[in-house]
Enquirer: 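Structure incoming, see below.
Note on naming: letters A, B, ... go to the chains in the order of the sequence lines (proteins, then strands), and numbering restarts at 1 for each one. Scope of the values below: all heavy atoms of this structure, side chains included, with no hydrogens, waters or symmetry mates.
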Amino acid sequence: MSEFPRPYLGYGVGLRRPHYGYILERWPKVDWFEVISENFLVPGGRPLSILDRVRSNYPVVLHGVSLSIGSADPLNESYVRRLRELATRIQPAWISDHLCWTGIGGHNLHDLLPLPYTEEALRHVAARVRRVQDLLGCRIALENPSTYLSYRHSTMPEWEFLAAVAEAADCLILLDINNVYVSAFNHGFDPHAYLNGIPPDRVIQFHLAGHSDHGRYLLDTHDHPIIDPVWALYAEAVRRFGQVSTLIERDDNIPEFPELAAEAEKARTIAETTHALGDRTRQGPAPVASADCRA
Amino acid sequence: MRALIVAPEGAAQGLAALCDNDLRWADFFESTIAGDSRLSALERVEIYANMYFYRLLDSLKEDYPGVLAVAGEVEFHNLITDYLLAHPPAHFSLRYAGSHLPEFLRAHRLARSRPFLPALAELERAILDAFDAPDASPLEPSALEAIPPAQWPEIRFLPSPSLRLLALDWNLEEVWEQVQRGEAAGAAAPGPCWVRVWRQEFRVFHRSVAGVELAGLQHLLAGHSLGAWCEEAAELAGGEAEAAAGVLAVLRQWLADGILVGVA
């Protein structure tokens with residue numbers, strides 16, 4: 001596996017509408033922002049204008065939810081081309097989406113549905129990732145989703161499938177620590193085994209978020225603060241993967257911006273403390289201009 | 001799996017309906033989705049089914065706050081259940097999931113008790129479309145001063161891409177104000193009502209129009225010349241002098257509102 005230059009963005013927060021005013025007035029001290037790509041694939045108006053202004057002051061990553069990379073439907077190339085247009089305008093540090101399918105038969109379920117982890121699915125997804133990367137002109141990062149069901153005909157665990165897709169398609173990995181935790185609970189696997197199965201050279205970003213506890217299962221609702229066991233798993237991820245660009249996600253029950261910025265600072269403290277203790281420091285900061293995305 | 005996720009009464013009912021047609025669905029489901037002692041396979045699909053509906057419901061509540069306020073939570077919930085069966089989302093963005101709601105409402109039972117609801121939905125849809133319509137710089141009044149008077153009858157104004165002209169069957173002004181104030185919405189007044197919707201900077205506005213302005217908007221959106229509008233205005237006003245004053249007043253308002261973005 002070849003090494004590649006990875007921009008290191010630091011500790012960021014997902015850009016959400018309730019915080020637009022605060023951010024544009026205060027330009028808060030946060031390293032970077034991630035945005036939901038689809039919210040900005042619009043002809044014009046306030047959202048795009050705000051994104052332009054935010055981008056003029058911070059690195060931005062485009063994070064999509066509708067690529068549907070695993071669907072049996074034809075790849076929506078029109079969507080990918082519009083994503084490329086947005087990337088040309090915004091110049092993101094990189095572009096990401098999820099290892100999942102979101103629709104079938106021309107209908108969009110607007111959810112991140114799990115794939116069967118089989119050799120056939122692996123070839124299918126890897127070929128589509130390569131096509132997307134050709135259309136975008138850059139590598140993409142795929143995120144592990146939170147899942148609630150699995151298929152009897154899967155022949156490998158999710159982490160093995162994700163690692164194999166990344167290798168076969170030469171793409172990157174956005175490792176969502178909370179999703180590892182949630183899926184581990186829901187399916188009864190060991191979250192440490194998941195981390196150990198992911199190749200460090202492919203991981204370009206971490207996600208951190210809260211979830212809700214429904215007793216028999218955890219739901220990835222992004223509506224609570226990050227819980228301590230997820231912070232502990234994050235520390236372990238930093239020990240394995242080094243200092244990786246980290247993003248705090250919150251999509252519901254959204255608090256004041258400083259509360260999320262504080263979570264980003266907590267991630268920084270954990271990561272830096274881990275390094276100070278002498279763990280591996282494989283990844284140093286690199287200028288954003290060396291971003292992998294050339295769209 | 002999609003059929004189970006979108007089943008209006010849940011995944012279990014969805015599977016039962018499939019099995020009514022073909023019992024092999026039960027075997028297929030059993031051999032495809034894994035369950036365990038904590039959650040059965042069906043309960044696991046049910047999690048996705050719930051998220052599907054409530055994610056769309058929440059999104060459509062944001063897109064149609066007026067329809068929600070008038071219909072109430074329960075009726076809106078039922079409306080969206082029916083709507084999603086007829087118009088499952090096909091676009092990559094949730095932003096377009098409610099595109100067909102105004103036309104769907106026209107034939108929905110809710111429109112029998114609240115007949116102005118389709119018009120309210122149409123207005124809210126137009127507001128949403130204007131919100132993220134393409135950007136364009138408004139025409140500066142000085143650009144008009146540079147045009148020789150002899151050329152005025154032939155010039156054509158270019159409308160803002162955000163401009164919409166709605167032909168509604170109801171006057172919604174009172175209902176709209178009630179919804180904005182968070183009050184219980186009463187009934188709208190029946191009768192034809194033209195409404196223009198536009199975005200200025202990043203704010204979307206709407207107001208009813210009639211007479212000379214309505215004629216002007218129709219000519220503007222049809223790409224007709226200023227002269228064509230003035231001719232109709234003269235007929236409406238009963239004289240060229242009165243018409244000129246009316247047209248000029250409307251033009252000034254349009255320039256102030258930023259709904260003109262060019263002149264050709």
Enquirer: Applying side-chain contact (heavy atoms from CB on, under 4.5 Å) to A/L113 and B/M1, what does each step give before you reach the verdict?
Expert: CA-CA 10 Å; A/L113 290 125; B/M1 180 132 85; 4.2 Å; yes

Enquirer: Flag the pair A/P47 / B/F202 as yes when at least one side-chain heavy-atom distance between them is below 4.5 Å, and no otherwise.
Expert: no

Enquirer: Any chance you could measure B/L39, atom CG, to A/H187, atom NE2, to the nearest 0.5 Å?
Expert: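 B/L39 CG to A/H187 NE2: 10.0 Å, rounded to 0.5 Å.
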
Enquirer: Give a yes or no on whether the backbone of B/R38 and the side-chain of A/R216 come within a donor-acceptor separation of less than 3.5 Å.
Expert: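 Yes, A/R216 side chain to B/R38 backbone: donor-acceptor pair under 3.5 Å.
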
Enquirer: To the nearest 0.5 Å, how far apart are CG in A/N108 and CG in B/L56?
Expert: 8.5 Å

Enquirer: For B/V6, is it the side chain, the backbone, both or neither that has a heavy atom under 4.5 Å from a heavy atom of chain A?
Expert: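 Contact with chain A: side chain only.
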
Enquirer: Hey, what do you get for CG (A/L48) to CG (B/D132), rounding to the nearest 0.5 Å?
Expert: 8.5 Å

Enquirer: After noting the C-alpha distance and the side-chain angles of A/T147 and B/Y48, does the key distance pass the side-chain contact (heavy atoms from CB on, under 4.5 Å) rule?
Expert: CA-CA 9 Å; A/T147 62; B/Y48 286 98; 3.8 Å; yes

Enquirer: Counting only heavy atoms closer than 4.5 Å, note whether A/T102 contacts chain B via side chain, backbone, both or neither.
Expert: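 When you check distances to chain B, no heavy atom of A/T102 falls under 4.5 Å.
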
Enquirer: Side chain, backbone, both or neither: which part of A/F40 has a heavy atom under 4.5 Å from chain B?
Expert: neither

Enquirer: Determine the minimum heavy-atom distance between A/H110 and B/S93, stating which atoms define it.
Expert: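 Here A/H110 and B/S93 meet closest at CE1-C, 3.6 Å.
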
Enquirer: Checking heavy atoms, do the side chain of A/I50, its backbone, both or neither come under 4.5 Å from chain B?
Expert: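 For A/I50, neither part sits under 4.5 Å from chain B.
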
Enquirer: Taking everything shown except B/R181 itself, do over 12 heavy atoms lie less than 6.0 Å from its CZ?
Expert: yes

Enquirer: Can you tell me if B/R207 has over 12 outside heavy atoms packed within less than 6.0 Å of its CZ?
Expert: yes

Enquirer: Tell me whether B/D135 contacts the main-chain N or O of A/G45 through its side chain, where contact means a donor paired with an acceptor under 3.5 Å.
Expert: yes

Enquirer: Determine the option with the most heavy-atom pairs under 4.5 angstrom with chain B, choosing from A/V65, A/N76, A/N186.
Expert: A/N186

Enquirer: Is it true that atom CD of B/E9 has more than 12 heavy atoms of other residues, nucleotides or ligands lying nearer than 6.0 Å?
Expert: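 Result for CD/B/E9: open.
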
Enquirer: Examine A/R82 relative to B/F92 and say whether NZ or CZ is less than 6.0 Å from the centre of the six-membered ring and inside a 45° cone about the ring axis.
Expert: no

Enquirer: Does a side-chain heavy-atom distance below 4.5 Å link B/H91 with A/Y79?
Expert: no

Enquirer: What part of B/I47 is in contact with chain A, defined as an atom under 4.5 angstrom from a non-hydrogen atom: side chain, backbone, both or neither?
Expert: side chain

Enquirer: Is B/I5 in contact with chain A via its backbone, its side chain, both, or neither, using a 4.5 Å heavy-atom distance?
Expert: side chain

Enquirer: Taking B/R44 for the side chain and A/Y148 for the main chain, is one N or O donor matched with an acceptor at less than 3.5 Å?
Expert: yes

Enquirer: Would you indicate whether A/R26, at its atom CZ, is surrounded by more than 12 heavy atoms from other residues, nucleotides or ligands within a distance under 6.0 Å?
Expert: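 No, the 6.0 Å shell around CZ holds no more than 12 heavy atoms from other groups.
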
Enquirer: Return the option, out of A/I104, A/L41, A/D111, A/N39, with the maximum number of heavy-atom pairs under 4.5 Å with chain B.
Expert: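 Top option by heavy-atom pairs under 4.5 Å: A/D111.
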
Enquirer: Any Lys/Arg nitrogen of B/E201 or A/R46 sitting under 4.0 Å from an Asp/Glu carboxylate oxygen of the other?
Expert: no

Enquirer: Does A/E256, at its CD atom, have more than 12 non-hydrogen atoms belonging to other residues, nucleotides or ligands within less than 6.0 Å?
Expert: no

Enquirer: Which atoms of B/T32 come close to chain A, meaning under 4.5 Å heavy atom to heavy atom: side chain ones, backbone ones, both, or neither?
Expert: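 For B/T32, the contact with chain A is made by backbone and side chain together.
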
Enquirer: So which heavy atom on A/P43 is nearest to which on B/A133, and how close?
Expert: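 Reported closest heavy-atom pair: CB-C, 4.0 Å.
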
Enquirer: So how far is it from B/R2 CZ to A/H107 NE2, rounded to the nearest 0.5 Å?
Expert: 5.0 Å

